[in-house]
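Below is one structure; the comments refer to it alone.
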Amino acid sequence: MTNSPVLVWFRKDLRISDNPALHAAAQMKKPILPVYVLDDENAKDWRLGSASRWWLLRALHALNKKLDGNLLILSGKADDVIPQLVATHNITHVYWNRCYEPWRTARDTKIKSALTQSGATVQTFQASLLWEPWEILKSDQTPYRVFTPFYRKGCLPHSEPRAPLPAPPSLEFFQATQGLSTSQLEKKLLPQPLQPRWDIKMEPYWESGEDGAAKQLEKFLLHGLKNYKDGRNFPNEEYVSRLSPYLQMGEISPHQVWHAAKHAGLELKSERDLDHFHSELGWREFSYYLLYHFPTLPTEPFNARFNDFPWADPDPKILKAWQMGQTGYPIVDAGMRELYETGYMHNRVRMIVGSFLVKHLLIHWHHGENWFWDKLVDADLASNSASWQWVAGCGADAAPYFRIFNPILQGEKFDPNGDYVRRWVPEVAHLSNNVIHKPWESSNPPAAYPAPIVDHDKGRARALNAFQQLKDAA
DNA sequence: TGCCTGTTCGA
DNA sequence: CGAACAGGC
């Protein structure tokens with residue numbers, strides 16, 4: 001029994017630095033059995049989307065390399081797979097880092113109690129959130145529903161995020177049975193049949209794994225943090241961190257990002273930018289917090305008044321035009337094409353395309369949520385559902401429904417030289433700056449580019465009218 | 001992290 | 001006649 005391994009179950013923490021479960025296991029002085037379980041059955045509706053599966057494949061390869069090829073990758077229900085492994089190898093200690101999606105907490109609770117009953121020691125750790133959702137409550141012991149007091153009164157005074165842990169200096173591994181081979185894993189994760197490979201387009205835009213995350217963080221701290229607060233609004237400039245996909249898969253931890261940014265921000269004497277960047281990590285916390293306390297967040301309007309909102313019957317052609325970047329509004333189409341091509345969209349543009357879908361097109365936010373879930377490399381159940389609810393006006397601390405982005409003005413304001421639009425919508429590249437965000441006004445309108453699928457004034461009026469019906473009903 | 005419209009005020 | 005501002009959606 002003395003050389004029975006410690007099982008470290010990797011989930012959304014695909015890294016070896018600042019990994020508390022791995023760190024604790026390494027201190028046991030026992031061989032380590034690192035495991036990843038591809039657990040689609042438990043995920044049901046929130047089975048990973050295509051872009052996430054592509055990202056996961058690369059992240060697993062990178063993690064396996066860090067673990068000297070010892071990562072055991074299995075497929076099946078974790079409720080079965082993990083206890084079976086524990087029984088087969090007489091494992092006495094099982095460590096993992098906590099997850100917060102409702103389906104994962106339910107699953108983990110079940111597994112933990114089964115393992116504990118059979119005599120194993122299970123320890124779980126905090127690794128992907130800076131503050132545990134159950135520790136941040138208002139004085140009346142109910143959860144916050146508004147971001148600013150959540151962050152400023154709840155989180156910040158509660159505790160300074162702990163310092164990141166180093167990677168274990170050396171690891172001794174337990175030789176287990178074979179898991180999935182590379183080709184078996186690819187078969188499970190990538191679209192079948194393999195042609196056409198939609199995902200392959202994303203390859204040149206991203207470096208995977210913990211090392212890719214560290215490089216991206218370093219790049220952001222050197223070039224993006226200074227002037228982050230203002231610069232982050234301009235999609236053609238590189239002030240945003242682009243760390244979201246790495247955070248979502250846990251190739252970097254929020255603790256690492258928090259402290260590295262703090263160090264760099266103080267060095268740069270840009271406290272304003274640092275505070276703003278920290279607060280964006282705070283929004284990520286807030287999304288998980290809401291999902292934890294309100295598990296129906298992905299499907300039900302947070303604000304129940306929106307239960308009867310008169311969404312339009314979705315016209316498949318209109319929805320498709322939005323998805324593929326053929327709405328006739330260059331800033332909207334640029335964003336949707338950036339997403340399809342790279343698996344990512346700049347945050348400012350996410351708000352614009354989101355507002356356009358739910359307001360100008362009056363299409364239910366679920367359709368946007370589902371498309372983003374499938375196509376974003378940073379698709380995250382908490383952030384995705386909280387953000388779609390926010391943009392639709394039914395979320396916690398949401399933008400009021402009457403706050404409707406004008407896609408022309410937003411383009412002119414945040415892409416004043418049209419560079420972002422020219423990059424992703426080549427049909428309008430020849431237009432001058434004064435018409436590039438409204439090509440229909442050009443004396444030489446592009447032939448191959450669609451006319452707006454909805455007139456801005458009419459779309460806006462229809463959205464306000466729909467909202468009015470909700471108010472009248474109340 | 002909204003936009004539109006109407007009003008006022010100074011050129 | 002444009003900027004600045006207030007109020008409503």
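Naming: A, B, ... by sequence-line order, numbering from 1 per chain.
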For atom CZ of F402(A) and atom C1' of dG7(C), their distance in whole Å: 11 Å
K438(A) bridged to E412(A) by N-O distance under 4.0 Å: yes
Touch class at under 4.0 angstrom, heavy-atom based, for R232(A) against every strand present: base
Over-ring placement of K359(A) relative to Y401(A), 6.0 Å and 45° cut-offs: yes
Touch class at under 4.0 angstrom, heavy-atom based, for R348(A) against every strand present: sugar-phosphate
Test side chain to side chain donor-acceptor pair (under 3.5 Å) applied to K262(A) - qualifying residues, sequence neighbours left out: E160(A)
Terminal contacting nucleotides, 5' and 3', DNA chain B versus chain A (heavy atom, 4.0 Å): dT1(B) to dC4(B)
Length of the NE2-P vector between H360(A) and dC9(C), whole Å: 19 Å
Whole-Å distance separating the CZ atom of R403(A) from the P atom of dG8(C): 16 Å
Cationic tip of K112(A) above W96(A) ring, under 6.0 Å, 45° of axis: no
Pair W365(A) + W388(A): ring centers closer than 6.0 Å: no
Face-on cation placement of R350(A) at Y344(A) ring, 6.0 Å and 45° thresholds: yes
